Each structure stands twice: as structure tokens, then as C-alpha cells.
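All remarks here apply to the structure that follows.
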Amino acid sequence: MSRNNILSPVKILDSKVLGVEFKTIDEETEKSEPEDLLSTKYGRGRSFIENECLRCEVILEAVLDRVRKKSNVPIHFVVSAKVGVTIAIPLKAIEGLPEDRCLEYARANGISIAYGKIRSIIESITAESLVVGKQTLPPIDPYAMLERDSANEDQDS
């Protein structure tokens, strides 16, 4: 993260689990070697000013598609979670910044908080599985995710 991409003081106003799924795939898989595929999907929510704070709503979904070997047998499974969070950043913390940078800071903070919750959910539900064992998601860069999604929106236009 560059020094221009900071995370601001944040208050979490609300968080909701919007979906959780964990399944093993029994059919023959082309993925016979251990492989990880992590996909994330960021949904822009509303951003608005209220009570001297910039509020931002974020919806984030992460899906881990993984093949692990246990006793030399490939086990293919998919685990996913979708979380919504609402945060508030005091306007004093972001005063003097252009509006688009303020929104970027708020969204990056929302993504970071939502992803932390998703990591916790996925660790909890996989920890109970004797087949795959506890799984941990790798860290992400919320700013890179914003850039990627912004580039994808530009291509779709």
C-alpha cells in the first residue's frame, strides 16, 4: 500500500451476513492437483453524509474454489460468504480531500472490514469439516480491488 492509500478511523454501524455456502464436489474434477481460486465481488453501496460523517455501505462476496489432496485423493470444494457492512468516517478525518478520494477511502475501509468478517466466517465453517479442515483466505489489497472493479466497469461501458 502506498503512503497515499491510507485507512481512516472508522466506526462500524452495521454488518450482516448475506449468504454462506460450503460444499464438496463429488463429480470427477479436471483439477487433480492442489489449486486455489479466490474470487471476490465488490458491490458498491450508497455513500452519503450524515451526522458529521461520511457513511458508506459495502457488499462483498468471496468464493474460494480449492482442490486439496487427502490420502492422495483430490477433494474439490467451494466455500463462499457474502457480507454487507455500513461504516462511518468522521468528516474531520478526511477534510481537505477531493470527494472522489473520500469515497475511495470509505470504500476501501468497508471492503477491508467486510473481508475480515468473510475470512472469519470461512475459517469457522471449514474448521468443523473433517474432510477439508480449517481454511484461511489470503490477504487482499482493498485499493487494488477498487481499481480492478473500476477498470471492469470502464470496459463494460
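For reference, positions follow the sequence shown, starting with 1. Remember, it's a predicted structure, so these values are computed and weren't measured experimentally.
- Note: Arg148 CZ to Thr40 OG1 = 3.5 Å, rounded to the nearest 0.5 Å.
- Taking OG1 of Thr86 as the reference point, atom CD1 of Ile59 lies at 9.0 Å (rounded to 0.5 Å).
- Remark: of the listed residues Ile111, Val85, Val83, Ile111 is the sole one forming a side-chain contact (heavy atoms from CB on, under 4.5 Å) with Leu60.
- For Cys56 against Arg107, the heavy-atom pair with the smallest separation is SG-CG, 3.9 Å.
- From Leu91, atom CG reaches atom CD1 of Ile49 across 5.0 Å, with rounding to the nearest 0.5 Å.
- Rounded to the nearest 0.5 Å, atoms CD1 (Ile113) and CD1 (Ile87) are 5.5 Å apart.
- In this structure, Glu99 places its CD atom where only 12 or fewer heavy-atom neighbours from other residues, nucleotides or ligands lie under 6.0 Å away.
- Taking all atoms of both residues into account, the shortest heavy-atom contact from Ala62 to Leu137 is CB-CD1, 4.3 Å.
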Could you walk me through whether Leu103 and Leu54 pass the side chain to side chain contact (heavy atoms under 4.5 Å, CB included) check? CA-CA 8 Å; Leu103 293 175; Leu54 173 61; 4.2 Å; yes

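- Residues Leu64 and Val20 share a single hydrophobic cluster, defined by chaining ILVMFWY side chains whose heavy atoms lie under 4.5 Å apart.
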Can you list, pair by pair, the side-chain donor-acceptor contacts under 3.5 Å of residues 11-19, counting residues two or more places apart and other chains?
residue	atom	partner	partner atom	Å
Asp14	OD2	Lys16	NZ	2.6

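- Hydrophobic clustering, with ILVMFWY side chains joined whenever heavy atoms are under 4.5 angstrom apart, groups Ile140 together with Val58.
- Using a 4.5 Å heavy-atom threshold, the side chains of Val10 and Ile89 count as touching.
- Remark: the backbone N or O of Ala108 is not paired with any side-chain donor or acceptor of Ser112 at under 3.5 angstrom.
- Within the 4.5 Å cutoff, the side chain of Pro142 has no heavy atoms near those of the Tyr115 side chain.
- In this structure, Arg46 contributes its side chain and Glu57 its backbone to no donor-acceptor pair below 3.5 Å.
- In this structure, CD1 in Ile118 is found 7.5 Å from CD in Glu61, a value given to the nearest 0.5 Å.
- Between the CD1 atom of Ile125 and the OG atom of Ser80 there is a distance of 7.5 Å, given to the nearest 0.5 Å.
- Val78 is not listed as a side-chain neighbour of Glu21, based on a closest heavy-atom distance of 4.5 Å or more.
- Under a hydrophobic clustering in which Ile, Leu, Val, Met, Phe, Trp and Tyr are joined whenever their side-chain heavy atoms come within less than 4.5 Å, directly or via other members, Val132 and Val79 fall into the same cluster.
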